[in-house]
K.L.:
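Got a structure for you, written out below as structure tokens; questions coming shortly.
By convention here, the first residue in the shown sequence is residue 1.
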Amino acid sequence: MSEILKLRRLWLLLRGDFVADWRVDVIVCGALTAVMLIVSMITVLQGGEREDFYLPWYFGGLFIWGPIAASYSFKELHDKARNEAYLMLPASALEKVLARLLQVTIIFFAFLLIFMTLASALIESTNWLVFGRRNGLFDASHEAVWAPVGHFLIVVSLYFLGAAWFRKLHFLKTALMLTALPIVLACFAAAVAWMVFQGTSGFHLGEREVYNFYVAHRGLFDALLGALKVLYFVGLPLFCWCVAWLRVKEAEVSHGV
């Protein structure tokens with residue numbers, strides 16, 4: 001087991017990535033703080049004083065910043081100038097994938113909470129000193145902050161897989177794939193609905209008929225919904241992580257590592 005996963009090697013990978021990327025993270029955080037400060041001051045100046053001012057910024061961090069960061073998880077893997085050095089690191093493919101996965105999920109989420117808390121305290125202190133008024137501070141314990149965490153994990157996992165799978169334009173190609181996927185699923189659902197209802201007063205059923213059909217098969221629908229939730233929140237991210245791991249292993253083999 002130590003040949004495949006060792007905590008010390010995992011820690012060294014995490015530390016190496018932090019040393020390599022901390023300057024970029026500082027620049028991004030500084031730019032975001034400056035933009036939030038300007039917008040917050042305008043809001044307060046106009047008499048807004050919104051209690052939920054930082055929630056949209058937080059959601060943007062989860063579902064914009066997070067996927068962008070995840071889409072660059074394996075930038076060295078597809079770079080001909082750096083892939084050999086990355087693949088030759090004294091660590092297993094599992095450790096390399098797990099290190100990057102931890103960065104874009106648990107570490108990123110914790111970092112975002114800390115960043116939003118500190119940034120809101122700094123910005124609103126400035127507003128209070130300048131205007132004598134302020135927006136509400138970011139509350140990391142608020143229910144709305146934790147509600148989308150499961151969906152964040154799914155989205156990040158998909159972009160994490162795209163980072164390992166696509167050789168170029170990782171974010172764009174993954175976004176296009178996620179745009180096309182709902183269309184395909186909608187067509188599939190429409191085909192299934194047509195097959196189910198084609199023998200019952202045609203496809204255009206009234207609300208009464210649909211309700212009666214649901215009541216007659218309620219147990220089946222509830223079981224199906226529960227299975228879909230498990231597949232969505234557990235099966236889908238596990239599938240993405242496993243495929244990303246296999247992709248890194250394949251790259252090692254193809255390069256003779």
Side-chain angles (χ1 to χ4, degrees), residues 1-33 61-119 140 149-150 152-171 173-174 234 236-257:
M1 182 65 180
S2 62
E3 296 299 323
I4 300 175
L5 178 60
K6 194 173 183 179
L7 293 181
R8 176 169 174 75
R9 290 199 299 259
L10 182 61
W11 162 249
L12 291 174
L13 288 172
L14 290 170
R15 189 182 67 176
D17 288 337
F18 172 77
V19 171
D21 297 335
W22 73 269
R23 293 178 181 83
V24 176
D25 295 334
V26 169
I27 293 173
V28 172
C29 290
L32 285 176
T33 302
L62 279 183
F63 296 107
I64 298 177
W65 189 4
I68 291 175
S71 66
Y72 286 95
S73 294
F74 299 102
K75 53 185 179 296
E76 304 95 339
L77 187 65
H78 308 293
D79 188 341
K80 293 182 179 180
R82 295 188 292 172
N83 60 356
E84 184 175 349
Y86 176 71
L87 293 172
M88 290 297 292
L89 285 173
S92 67
L94 178 61
E95 290 166 340
K96 294 172 185 176
V97 171
L98 188 56
R100 297 295 168 86
L101 180 61
L102 289 174
Q103 289 179 47
V104 298
T105 53
I106 297 176
I107 295 176
F108 176 82
F109 179 71
F111 169 78
L112 183 62
L113 292 180
I114 296 171
F115 166 69
M116 292 299 301
T117 301
L118 296 178
V149 172
F152 159 74
L153 182 64
I154 301 300
V155 173
V156 165
S157 297
L158 291 168
Y159 280 90
F160 184 77
L161 173 58
W165 190 267
F166 299 117
R167 295 184 179 275
K168 295 180 180 179
L169 303 175
H170 316 96
F171 181 82
K173 289 182 179 179
T174 306
V234 179
L236 183 55
L238 286 176
F239 172 79
C240 293
W241 303 341
C242 289
V243 175
W245 169 59
L246 292 174
R247 179 69 183 88
V248 175
K249 285 193 66 177
E250 178 190 7
E252 288 185 343
V253 173
S254 65
H255 286 75
V257 179

K.L.:
Hey, is CH2 on W165 packed in by over 12 heavy atoms from elsewhere, all under 6.0 Å?
P.N.:
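No - once you tally the heavy atoms of other residues, nucleotides and ligands closer than 6.0 Å, there are 12 at most.
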K.L.:
I need the minimum non-hydrogen distance between V104 and V156, along with the two atoms involved.
P.N.:
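Between these two residues, the closest heavy atoms are O-CG1, 3.5 Å.
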K.L.:
Does E76 come within less than 4.0 Å of R100, counting only side-chain N to carboxylate O?
P.N.:
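Salt bridge between E76 and R100, a charged N being under 4.0 Å from a carboxylate O: yes.
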K.L.:
Looking at every heavy atom in both A164 and L77, which two are closest together, and how far apart are they?
P.N.:
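Nearest pair, atom of A164 first, then L77: O-CD2, 4.3 Å.
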K.L.:
Could you tell me whether F111 atom CZ has more than 12 heavy atoms of other residues or ligands within 6.0 Å of it?
P.N.:
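Yes, CZ of F111 has more than 12 neighbouring heavy atoms, counting only those of other groups under 6.0 Å.
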K.L.:
With side chains defined as the heavy atoms from C-beta onward, is the minimum distance between F115 and T33 less than 4.5 Å?
P.N.:
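With C-beta onward as the side chain, the pair touches.
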K.L.:
If the plane angle is over 60° it's perpendicular, under 30° parallel, otherwise tilted; pick one for F152 and F108.
P.N.:
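Rings of F152 and F108: parallel, as their planes differ by under 30°.
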K.L.:
Hey, does F160 have a side-chain heavy atom less than 4.5 Å from the side chain of V97?
P.N.:
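Yes; the side chains approach each other to less than 4.5 Å.
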K.L.:
Whether the side chain of Q103 engages the backbone of L14 through a donor-acceptor N/O pair (distance < 3.5 Å, no angle test) should be reported.
P.N.:
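No; judged by distance alone, with no hydrogens or angles, the pair does not exist.
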K.L.:
Shortest non-hydrogen contact from T117 to A140?
P.N.:
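Nearest pair, atom of T117 first, then A140: OG1-CB, 4.3 Å.
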K.L.:
Do V28 and W65 have side-chain heavy atoms sitting under 4.5 Å apart?
P.N.:
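In contact.
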K.L.:
Shortest non-hydrogen contact from T174 to L158?
P.N.:
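Closest heavy-atom pair between T174 and L158: CG2-O, 3.7 Å.
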K.L.:
Under the 3.5 angstrom rule, does the side chain of H78 hit a backbone N or O of F166 as a donor-acceptor pair?
P.N.:
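Yes; at least one donor-acceptor contact below 3.5 Å.
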K.L.:
Donor-acceptor pair, H170 side chain versus A70 backbone, under 3.5 Å?
P.N.:
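No.
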K.L.:
To the nearest 0.5 Å, what is the distance between CG on L32 and CD1 on I27?
P.N.:
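Output value for this atom pair is 12.0 Å.
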K.L.:
For I154 and P237, work out which heavy atoms get closest and say how close.
P.N.:
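Smallest heavy-atom distance, with atoms named: CD1-CD, 3.5 Å.
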K.L.:
Are the side chain of K96 and the backbone of F74 linked by a donor-acceptor contact shorter than 3.5 Å?
P.N.:
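Absent.
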K.L.:
For the CZ atom of R247 and the SG atom of C242, what is their distance to the nearest 0.5 Å?
P.N.:
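R247 CZ to C242 SG: 16.0 Å, rounded to 0.5 Å.
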K.L.:
Could you give the distance from CG (L112) to CZ (F109), rounded to the nearest 0.5 Å?
P.N.:
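Taking CG in L112 and CZ in F109, the distance rounds to 7.5 Å.
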K.L.:
To the nearest 0.5 Å, tell me how far L98 CG sits from T105 OG1.
P.N.:
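The CG atom of L98 sits 8.5 Å away from the OG1 atom of T105.
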K.L.:
May I ask you to check whether over 12 heavy atoms, not counting those of Y72, lie within 6.0 Å of atom OH?
P.N.:
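Counting neighbours around OH of Y72, 12 or fewer heavy atoms of other residues, nucleotides or ligands fall under 6.0 Å, so no.
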K.L.:
Mind checking whether E95 and K6 have side chains closer than 4.5 Å, heavy atoms only?
P.N.:
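A side-chain contact under 4.5 Å exists here.
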K.L.:
Taking C-beta and beyond as the side chain, do W245 and L94 meet within less than 4.5 Å on heavy atoms?
P.N.:
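Yes, at least one pair of side-chain atoms sits under 4.5 Å.
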K.L.:
Which pair of heavy atoms, one from P67 and one from V155, lies closest together, and at what distance?
P.N.:
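Distance-wise, the nearest heavy atoms are CG-CG1, 3.7 Å.
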K.L.:
State the CG-CG distance between L7 and L12, to the nearest 0.5 angstrom.
P.N.:
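Going from CG on L7 over to CG on L12, the span is 11.0 Å.
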K.L.:
Give a yes or no on this: more than 12 heavy atoms of other residues, nucleotides or ligands lie within 6.0 Å of atom NZ of K249.
P.N.:
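No, NZ of K249 has 12 or fewer neighbouring heavy atoms, counting only those of other groups under 6.0 Å.
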K.L.:
How many angstroms lie between CG in D79 and OH in Y86, if you round to the nearest 0.5 Å?
P.N.:
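Result: 12.5 Å between the selected atoms.
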